[in-house]
Amino acid sequence: MAFVALATLASCELDRYPLTNFSEDTFFDKEENTKLALIGLYRGGITYGVDYGASDWWAYSAKILIDGVSDIGYDRRGFNNNLGKLTSGQIDESNGWVNDLYQKPYRRISACARFIEGIDKLGSDNPEMERMKAEARFIRAVQYFYLASYYYDVPLIKTVLTLEEANTVTKSPRAEVLQYAIDELTEIADILPHHKDLPASERGRATAQAALVYLARTHLVAKNYKEAAAACKKIIDWGDNKLDADYQKLFYPGAINSSEHIYATQFVDDLAGHGLPQHAYPIKDGGWCLVNASSTLFEAYDFLDGTPFSYDDPRFNKNNFGENRDPRLDYTIYYDGATFRGTVYNCNPETTAADKIGPGQTTQTGFLMRKYFDESWNGDVTQYGNNVPLARYADVLMMYLEAEMEAGTPITQTLLDQTINAVRGRVGMPGITETNPDKLRKIIQKERMIEFAFEGLRLWDLYRWGIAEERLNLDIYGSPFYISNQELMKKKDGQPDPYNRWYVDKRNFKTGQERWPIPLSEKNINPNLR
């Protein structure tokens, strides 16, 4: 279902603010009201148009912009804004993103509890009521997945609370929160319809496969690898989903019905659209160019024969960076001299174009994001109707391989071909033959970086793999520029880069900062959260 209707059941963190639009004593007296309420649960705090903060874990901000502060990206505003502070060593309990992505889930959790209790009071034997109740449980369980992934020990709320109860809750251990999400998602997967049985008119509603994707992710955080593999295997065996043949167009509005998309946030052009183009377009197209890719991502794309990229390799075309490279490079980012939306993007230091790299409100790396943009679209940059992918089949295959490997299952060529090689093969990249777990682990990590770039999984991956400090503290470089006046180049410590790359900055991330603090505003109200 599209998130077009306004949420009519609104509540906030732990129910401190009661419902005001309808009387709770009578709202659930009619079954048709539950459909209206369910739309509100799905929408959550998602903002239409430009999302200036982090309105929801399912908004484009938390799924796309947040990858811009991982090792594959750089937020144009640097480290002095709340988003940049998340990974630059400056995260604290007053951070706006930390606050929003903690409080917004609890608003949904509270609304879900009210919804579930309302349905229970109906006492209806209508199967649709049981399905909607399962959807509310799904939404609630996923909020706990996010909370436990980033905040670790958090309050585990399962019922509607009074104001006094909400202000005195205590934290539950991370393991308990994860187990609750696991138990819920396991049960829900047996209630929700399968993907193949979901009519087009209900696109956007949760399915059994959506529950299993989040179940697998929750098991990965808990390091329950056998169970994560089993959840993925169910989806594979059911056969409802498959890889789309066209990776590039998979992220366009025209591919919203692709069976690769297991679950996505739904938007509608000019009616309930979002502002990703405003955030990500270059200056020439009226954008703010906030989503910059780093050289770390650019250099991860291999040559077409599968050999690692090198600036010294004669196959590297200095006039066309994407030539002879993994096609996903050109599908994901663009660079100086490339054509984007029908005109050439010029950002080198010698140009006089508006997108010239440098200080101010322009690109900081020279690499901007192409993914998600149907370049023939010509609408309002604040009302793009493209859906935001939350779970797709490629992730199922990659999680399945990773989970089997970490569970100690012997890796066979058949397993590789079924998973990572299927993902690589759809863009024409050669298959992987490595079966040694220590070496394969690095290959999986690199493949996930490439395949899921700017899908909101990179930071989560770094945190759960325990390699955030290593990866986030790499020097941040941008594009190479082959210009005559090297004095125009930004250099690290005044020294030219051997590969002619533009130097950007360096983070100061410390191990432990992957665990986000509970917001100060919550601690001030409830000392039990300190």
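Quick caveat, the model's predicted, so the values are computed rather than measured.
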Within-4.5 Å side-chain heavy-atom neighbours: [X] and [Y]:
X    : Y    : result
N524 : S521 : no
D374 : F251 : no
I157 : L161 : yes
T296 : R471 : yes
Y150 : V98  : no
N292 : M369 : no
T87  : S70  : no
E514 : E469 : no

task = Name the orientation class of the two ring planes belonging to Y214 and W58 (parallel below 30°, tilted from 30 to 60°, perpendicular beyond 60°).
result = tilted
inquiry  = Parallel, tilted or perpendicular, judged at 30° and 60°: which one describes the rings of F367 and F298?
reply    = parallel
Does the [X] side chain pair with the main chain of [Y], one donor and one acceptor, at a distance under 3.5 Å?
X    : Y    : result
N526 : V169 : yes
D75  : G84  : no
Q278 : G286 : yes
H279 : Y52  : no
D67  : G456 : yes
Q266 : A264 : yes
N473 : F509 : yes
D56  : G45  : yes
D51  : A59  : no
R328 : Y331 : no

Hey, what do you get for [atom1] ([X]) to [atom2] ([Y]), rounding to the nearest 0.5 Å?
X    : Y    : atom1 : atom2 : answer
I262 : L198 : CD1   : CG    : 12.5 Å
N346 : I357 : CG    : CD1   : 12.5 Å
D475 : S294 : CG    : OG    : 11.5 Å

Heavy-atom pair with the smallest gap, counting every atom of [X] and [Y]:
X    : Y    : value
A453 : T332 : CB-CG2, 3.9 Å
F267 : G273 : CD2-C, 3.9 Å
L192 : A211 : CD1-CB, 4.4 Å

query = For E451, which of R426, K446, R424 qualifies under salt bridge (Lys or Arg N to Asp or Glu O under 4.0 Å)?
reply = R426
inquiry  = With a 6.0 Å cut-off (strictly less than), is the heavy-atom count around CD of Q361, excluding the residue itself, greater than 12?
reply    = no
request  = Determine whether more than 12 heavy atoms belonging to other residues, nucleotides or ligands lie under 6.0 Å from atom NZ of K249.
outcome  = no
Using 4.0 Å as the upper bound for N to carboxylate O, is an ion pair formed by [Y] and [X]?
X    : Y    : value
R464 : E402 : yes
R530 : E522 : no
R458 : D71  : yes
E202 : R131 : yes
E455 : K63  : no
E260 : K242 : no
R448 : D395 : yes

request  = Decide side-chain hydrogen bond (donor to acceptor under 3.5 Å, both in side chains) for H219 and N224; before the verdict, give the C-alpha distance in whole Å, the side-chain angles of both, and the deciding distance to 0.1 Å.
outcome  = CA-CA 5 Å; H219 277 307; N224 302 327; 3.2 Å; yes
remark   = Hits for ring pair (Phe, Tyr, Trp, His ring centres under 6.0 Å) against Y334, two or more places apart or cross-chain, chain-then-number order -> F340, Y345
Tell me, please, whether [Y] has [X] positioned over its six-membered ring: NZ or CZ under 6.0 Å from the ring centre and within 45 degrees of its axis?
X    : Y    : answer
K371 : F454 : no
R174 : Y152 : yes
R108 : Y42  : no

Verdict with supporting geometry, N95 and W516, side-chain hydrogen bond (donor to acceptor under 3.5 Å, both in side chains) = CA-CA 10 Å; N95 184 284; W516 292 2; over 6 Å; no
query = Step by step, would you call Y180 with Y144 a ring-ring contact (aromatic ring centres under 6.0 Å, His included)?
reply = CA-CA 8 Å; Y180 173 76; Y144 281 120; 5.6 Å; yes
message = Testing the 3.5 Å rule here: is there a donor-acceptor pair between the side chains of K356 and T362?
response = no
task = Establish, from distance only, whether the side-chain atoms of D269 and Q383 form a donor-acceptor pair under 3.5 Å.
result = no
request  = Mind running side-chain hydrogen bond (donor to acceptor under 3.5 Å, both in side chains) on S258 and D244 for me, showing each step along the way?
outcome  = CA-CA 7 Å; S258 170; D244 198 288; 2.8 Å; yes
message = Before you tell me yes or no, could you show the steps for L65 and L83 under side-chain contact (heavy atoms from CB on, under 4.5 Å), namely the whole-Å CA-CA distance, both residues' side-chain angles and the distance that decides it to 0.1 Å?
response = CA-CA 8 Å; L65 300 188; L83 178 55; 4.2 Å; yes
message = Is there a salt bridge (charged side-chain N to carboxylate O under 4.0 Å, His left out) between E184 and K158? Walk through the geometry before answering.
response = CA-CA 11 Å; E184 284 286 276; K158 306 174 186 177; over 6 Å; no
ask   = So S55 and K104, side-chain hydrogen bond (donor to acceptor under 3.5 Å, both in side chains) or not? Walk me through it.
value = CA-CA 7 Å; S55 64; K104 301 299 175 62; 5.8 Å; no
remark   = Taken in chain and number order and not counting sequence neighbours, the residues that satisfy side-chain hydrogen bond (donor to acceptor under 3.5 Å, both in side chains) with Y281 are R341
side-chain contact (heavy atoms from CB on, under 4.5 Å) evaluation trace for W502 with Y477 = CA-CA 6 Å; W502 182 271; Y477 281 96; over 6 Å; no
query = Do Y106 and Y102 make the cut of ring centroids closer than 6.0 angstrom?
reply = yes
message = Set out, in order, the CA-CA distance, both residues' side-chain angles and the distance that settles side-chain contact (heavy atoms from CB on, under 4.5 Å) for L397 and I420, then state yes or no.
response = CA-CA 7 Å; L397 298 180; I420 190 171; over 6 Å; no
task = Might you work through the side-chain contact (heavy atoms from CB on, under 4.5 Å) test for K506 and F79, ending with a clear yes or no?
result = CA-CA 10 Å; K506 186 177 178 66; F79 303 149; over 6 Å; no
